[in-house]
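Worksheet for the structure shown next.
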Amino acid sequence: MNILYKSTRSDAAPVTASAAILKGLSPDGGLFVPERIPELQKPLSVLAGMSYPELAYEIMSAWLGDFTGEELKHCIDHAYDEKFDTKTIAPLVKKDGLYYLELFHGPTIAFKDMALQILPHLMVTAAKKNGVKNEIVILTATSGDTGKAAMAGFADVPGTKIIVFYPNGGVSNIQRLQMATQRGENTHVAAINGNFDDAQTAVKNMFGDRALADELASCGFQFSSANSINIGRLVPQIVYYVYAYCQLLASGEIAEGDFINITVPTGNFGNILAAYYAKLMGLPVRKLICASNENKVLADFFGTGLYDRKRPFLLTSSPSMDILISSNLERLIYRLTGDDSAKTLAFMQDLREKGSYEITDAMREGLRDFVGGFATEEENFAGIKALYERTGYVIDTHTGIANAVCRRYREETGDLTPTVIASTASPFKFAGAVIGAIAPDQAAGKSDFELIDLISSLSGVKEPFAITDIRTAPIRHKTVVDAKDMPADVKQFLKI
Ligand SMILES: *Cc1c(COP(=O)(O)O)cnc(C)c1O
């Protein structure tokens, strides 16, 4: 009865959930997808009485069938605890007619904590279950946020180490401070002389280096990755969409069975895919509104059926969504083909070789659950400002994209279904851009921390601990290396 996971790119034998979490990617380069989607096991009115950890258990146990109840509870209890600044974990707040699902109450004040706080525990458990004796070494190149969120998750988790490389001078001052002050004896951070691509390429090369893998194994280590295609990140994200619905139900905003819409500011397509999986499990969701910034590959795809990455890469004020290849979309494509791995493989080959692919009309039928849209920088800023002026509520620049796209969709279509907006980062994390939107005349000449103070006074929200901490936390990581010396740096940290 346990759900097994198969590759999107071949019909190789399916594997257990724990094996899929350990491997991350299928050996054929495909992503792991469930052989079938589990259904919600209890009525929504019952789920609505549950705490976040209880609901997480309910949902995740349906997907991760080879974890025992005890194992899964252990993982959940070590993830969704006091590291979050609210017992609710993911509060839902109504502002100006929309429901903002605040996914930024974890240690790095962005939604990636929701999955990265639990992934390390899932991985260690998966390793034990599969007889892996090696210690897991997470290796990541980051352009800012993911690396920090991964470190915060893996810090001091027994049986793991984590190594993060970021481009020297290529991240914001606050991001640099967040990483350089990271605690945990099992964490290592190095700035590299080069850009993000240099760091990323060197990390990929290390993953592919057989000699290095052998050397590591002989010393009791093995590499793994924490990136967003791992089902161990996807499954925990399904929970908060069900939780949002339950909060609406519990507070009487909707009745059991009423439909909602969900809007997600999208980059790699992981977060919105989780919302889609929640819908497929039986959550009453009408439309999934996929919001892009000016890198609007996905908005174009939902409009035309053509996925075309051949376009300039734009730097926007929602940097975590500046992406031209949304890796997790492959899972939706696979479903649209009717679970046909040969067809999916062909599309992905086209993407790699030609930079684009076009789905068939029959496949486009399956896209009816989605609406794609994008917002420009100006629309984003105007929306953040309007919401602030009407309600005093301040949102960040990623949430702002969803806000702008969603409000325009409602105006244009008249579809006024109660709508949840995935609020993916705290405004304190992107203080400069947010002040630029709500009080541009007050931004000039201010330091990062002065901008943060200003957010606090304008919004009336106390600054989160993640910010207070970096004001005074000692700098623990000062390493700077050339990209070519990254393997040596890894070995030095592992003492091999
Ligand atoms: C990663 C991220 C996103 C994009 O999420 P995907 O799952 O990659 O689509 C949006 N907002 C913030 C703040 C993020 O960190």
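Order of listing sets the numbers, starting from 1, for every ligand and every atom in it.
Thr140 and Thr142 are not linked by any side-chain donor-acceptor pair at a separation below 3.5 angstrom, with hydrogens and angles left out of the test. If you check the side chains of Tyr240 and Asn271, you find a donor sitting under 3.5 Å from an acceptor.
Given atom 7 (O) of ligand 1, the protein heavy atom at minimum distance is Asn271 N, 2.9 Å. Counting protein heavy atoms only, atom 15 (O) of ligand 1 is closest to Lys112 NZ, 2.5 Å. Among protein heavy atoms, atom 8 (O) of ligand 1 sits closest to Asn268 N, 2.7 Å. For atom 13 (C) of ligand 1, the nearest protein heavy atom (residue, atom name, distance) is Thr424 OG1, 3.4 Å. Distance from atom 4 (C) of ligand 1 to its nearest protein heavy atom, with residue and atom name: Gly267 N, 3.6 Å.
With ligand atoms numbered from 1 in the order given, ligand 1 contributes 6 (P), 7 (O), 9 (O) to contacts under 4.0 Å with heavy atoms of Gly270. Residue Pro265 approaches ligand 1 through these ligand atoms, each under 4.0 Å from one of its heavy atoms: 4 (C), 10 (C). Residue contact check: Ala425 has heavy atoms under 4.0 Å from atoms 13 (C) of ligand 1.
Tyr307 and Val297 make their closest contact through CZ-CG1, 3.3 Å (heavy atoms, listed as atom of the first residue, atom of the second, distance). Heavy-atom minimum distance, Arg408 versus Phe374: NH2-O, 2.7 Å.
In this structure, Ser326 contributes its side chain and Asn268 its backbone to no donor-acceptor pair below 3.5 Å.
Partners of Ser356 under the side-chain contact (heavy atoms from CB on, under 4.5 Å) rule, at least two apart in sequence or in another chain, are Leu306, Asp308, Lys310.
Contacts between Phe269 and ligand 1 below 4.0 angstrom, taking non-hydrogen atoms only, involve the backbone exclusively.
A heavy-atom separation below 4.0 Å is found between Thr266 and ligand 1.
Each of Val420, Thr88, Val242 was compared with Gln247 under the side chain to side chain contact (heavy atoms under 4.5 Å, CB included) criterion, and only Thr88 meets it.
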